[in-house]
Amino acid sequence: MEFKKEFLERLNIAKKIVFFTGAGISAESGIPTFRGKDGIWNKLKPEELANFNAFLKNPDMVWEWYQHRKKIIHESKPNAGHFAIADFQDYFDDVVVITQNIDNLHRRAGSKKIFELHGNIERNYCIDCGTFYNTPELEITEGVPKCKKCGGLIRPDVVWFGEMLPEDQYTQSEKAAQACDICFVVGTSAVVYPAAFIPLSAKQSGAYMVEINIEHTEFSYYANYSILGEAGKVLPLIVDELKKIRAIKQ
Ligand code: BJW
Ligand code: ZN
């Protein structure tokens, strides 16, 4: 794959890098995306599963759905795309990963600075008293587990529709986006807000925007460079370019 010259020049002088990632980065690890051809929401309705009222109406069903997804996540491994993003840390002092994913794969691949905009499937909390439970601490129950302190229902610590994003994660993401030189937007349909404001604010602050996706998205229009391809193939090739740049600089 031959990359655009302008992009390689930007890569050469960049100091601060942001990756904004979505479900597509984990697709090659075997974790289904939400939208698109094989997206889970072709079969299941988000309004019945990914909002608080759905949980109150049918907590056992929603809990079981998350247990099912947790199992898929536990059986999966980070792929070449996650590892390539972690490899950027060898070339830049400032690499921030802002992810909409709840799957922990960036952490498992070795990325150090990660902001999670939509929560993390390994954490859970009581809807009544707010006590947190990491997944291994929870007893295996049939249906939704109950809080040891107050008996309330325990839910996954993920962000459902109509819910606020974790404020600290959002604020720090916005700050990193506004300060970066290159913002890579990887494997997201970029239709869910306010998360999708983050790369837009990077662009507005002067960052060079690179989109990596298997198809064009709502975001392609804003990107300085739109690379069509699988993240697990394209990202390692960019790391190869970094190796070449480093070799020339030495
Ligand atoms: C590959 C690939 C490969 C495949 N390589 N690429 C207008 C403005 C602002 C807000 C709104 C608005 N209208 C409605 C809203 C509200 C709503 C929203 O944005 N709705 C839109 C969908 C219309 N937003 C919210 O409700 C948010 N909260 C909020 O706004 O709070 C304020 C408020 C408070 C009170 C009342 C009202 C408002 C919260 C959003 C929470 C989203 N939660 C989910 C579920 C998380 C938990 C879980 O996992 O179960 O987050 S929804 C789901 O979508 C998940 C994802 O993080 C998120 C984004 O999806 P993503 O990652 O982009 O995945 P896909 O599947 O869409 O795309 C995959 C892409 O990968 C595709 O492009 C493929 O082509 C590509 N791909 N393989 C590269 N190998
Ligand atoms: Zn409780």
Side-chain angles (χ1 to χ4, degrees), residues 19-42 44-55 62-63 65-70 72-73 79-82 84-85 98-104 116-133 145-167 170 184-200 210-220 226-236:
F19 287 93
F20 178 78
T21 67
I25 182 83
S26 297
E28 289 158 78
S29 294
I31 301 175
T33 60
F34 296 94
R35 301 166 188 84
K37 196 166 58 72
D38 300 317
I40 45 183
W41 285 342
N42 286 330
L44 301 162
K45 290 194 180 139
E47 58 272 25
E48 283 176 13
L49 291 162
N51 75 75
F52 188 62
N53 285 338
F55 179 70
V62 174
W63 181 260
W65 186 60
Y66 277 93
Q67 288 296 94
H68 165 72
R69 289 181 51 207
K70 210 178 279 176
I72 295 174
I73 288 169
N79 64 56
H82 297 103
I85 289 177
I98 302 168
T99 188
Q100 300 166 89
N101 299 345
I102 60 171
D103 60 23
N104 260 319
E116 293 170 322
L117 296 177
H118 292 160
N120 189 307
I121 201 161
E122 297 305 330
R123 287 191 313 260
N124 312 270
Y125 66 91
C126 167
I127 64 167
D128 289 332
C129 74
T131 300
F132 275 90
Y133 295 89
K146 309 283 182 328
C147 177
K148 280 186 195 141
K149 285 194 187 150
C150 77
L153 299 175
I154 291 174
R155 60 166 281 180
D157 185 12
V158 299
V159 182
W160 286 327
F161 285 111
E163 294 185 326
M164 306 298 275
L165 275 58
E167 207 184 324
Y170 189 81
F184 289 93
V185 181
V186 187
T188 177
S189 56
V191 294
V192 174
Y193 285 86
F197 284 132
I198 297 285
L200 293 178
V210 182
E211 182 182 51
I212 302 171
N213 200 303
I214 51 171
E215 58 188 33
H216 286 297
T217 70
E218 308 252 330
F219 208 75
S220 307
S226 197
I227 305 174
L228 282 183
E230 288 172 311
K233 298 222 170 70
V234 175
L235 284 162

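Each ligand, and each atom within it, is numbered from 1 in the order the structure gives.
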Query raised in the report: If we only count N/O pairs under 3.5 Å, is N101 in contact with ligand 1?
Result: no
Report task. Say whether S26 and H82, considering side chains only, have a donor N or O and an acceptor N or O under 3.5 Å apart. Result -> yes
Query raised in the report: Does ligand 1 have a heavy atom under 4.0 Å from the side chain of V191, from its backbone, from both, or from neither?
Result: backbone
**Report entry** Enumerated ligand 1 atoms positioned under 4.0 Å from heavy atoms of W160
**Finding:** 39 (C), 41 (C)
Query raised in the report: Which of these passes side-chain hydrogen bond (donor to acceptor under 3.5 Å, both in side chains) with T188: Q100, R35, E211?
Result: Q100
**Report entry** Nearest-neighbour protein heavy atom for atom 77 (N) of ligand 1, which is reported as residue plus atom name and distance
**Finding:** G24 CA, 3.6 Å
Query raised in the report: Among protein heavy atoms, which lies nearest atom 32 (C) of ligand 1, and at what distance?
Result: M164 SD, 3.9 Å
Query raised in the report: Quick check: does A23 get an N/O under 3.5 Å from an N/O on ligand 1?
Result: yes
Query raised in the report: Please state which protein non-hydrogen atom is closest to atom 24 (N) of ligand 1 and give its distance, to 0.1 Å?
Result: Y193 O, 2.9 Å
Report summary line: Looking only at protein heavy atoms, what sits closest to atom 29 (C) of ligand 1 is E163 O, 3.4 Å
Requested in this report: Please state which part of E28 comes within less than 4.0 Å of ligand 1, counting heavy atoms only: side chain, backbone, both or neither.
Outcome: side chain
Query - R155 and E163 ion-paired at < 4.0 Å - result: yes
Report task. Considering non-hydrogen atoms only, spot the tightest contact between P194 and Y170 and give its length. Result -> O-OH, 3.4 Å
**Report entry** P194, any N or O under 3.5 Å of ligand 1 N or O
**Finding:** no
Query raised in the report: Between the side chains of S189 and T217, does any donor sit under 3.5 Å from an acceptor?
Result: no
**Report entry** W41 and ligand 1 - part of the residue with a heavy-atom distance under 4.0 Å
**Finding:** side chain
Query raised in the report: So, is I102 polar-close to ligand 1, with some N/O to N/O distance under 3.5 Å?
Result: no
Query raised in the report: When you look for heavy atoms under 4.0 Å from ligand 1, do you find them on the side chain of H118, its backbone, both, or neither?
Result: side chain
Report summary line: shortest atom 74 (C) of ligand 1-to-protein heavy-atom contact is with N213 OD1, 3.5 Å
Query raised in the report: Between the candidates G232, A190, A231, G187, which shows the shortest non-hydrogen contact distance to atom 5 (N) of ligand 1?
Result: A231
Query - ligand 1-proximal atoms of Y66, by part, heavy-atom distance under 4.0 Å - result: side chain
Query - Angle, SG of C147 through the Zn ion (ligand 2) to SG of C129 - 10° precision - result: 110°
Requested in this report: Enumerate the atoms of ligand 1 whose separation from the nearest heavy atom of T188 is less than 4.0 angstrom.
Outcome: 61 (P), 63 (O), 70 (C), 71 (O), 73 (O)
Query - Numbering as shown, the atoms of ligand 1 that approach G22 to under 4.0 Å (heavy-atom distance) - result: 62 (O)
Requested in this report: Would you please say whether a donor-acceptor pair under 3.5 Å links the side chains of N120 and D157?
Outcome: no
**Report entry** Non-hydrogen protein atom less than 4.0 angstrom from atom 12 (C) of ligand 1
**Finding:** no
Query raised in the report: Where on V192 is there a heavy atom closer than 4.0 Å to ligand 1, on the side chain, on the backbone, on both, or on neither?
Result: both
Query raised in the report: In degrees, rounded to 10 degrees, what angle do C150 atom SG and C126 atom SG make at the Zn ion (ligand 2)?
Result: 100°
Query raised in the report: Is the closest side-chain heavy-atom distance between L117 and I98 below 4.5 Å?
Result: yes
Report task. Kindly indicate whether atom 56 (C) of ligand 1 is approached by any protein heavy atom to under 4.0 angstrom. Result -> yes
Report task. Return a yes/no value for R69: is any of its N or O atoms, backbone included, closer than 3.5 angstrom to an N or O of ligand 1? Result -> yes
Query raised in the report: For ligand 1, is there an N or O atom under 3.5 Å from any N or O atom of F197?
Result: no
Query raised in the report: Once the angle between the rings of W160 and F55 is folded into 0 to 90°, is it parallel (under 30°), tilted (30 to 60°) or perpendicular (over 60°)?
Result: tilted
Report task. Decide whether the shortest distance between a heavy atom of G39 and an atom of ligand 1 is less than 4.0 Å. Result -> no
Query raised in the report: Quick one: does ligand 1 sit under 4.0 Å from the side chain of A27, the backbone, both or neither, non-hydrogen atoms only?
Result: side chain
Requested in this report: Would you mind checking which non-hydrogen protein atom is closest to atom 34 (C) of ligand 1, with the distance to 0.1 Å?
Outcome: G162 O, 3.2 Å
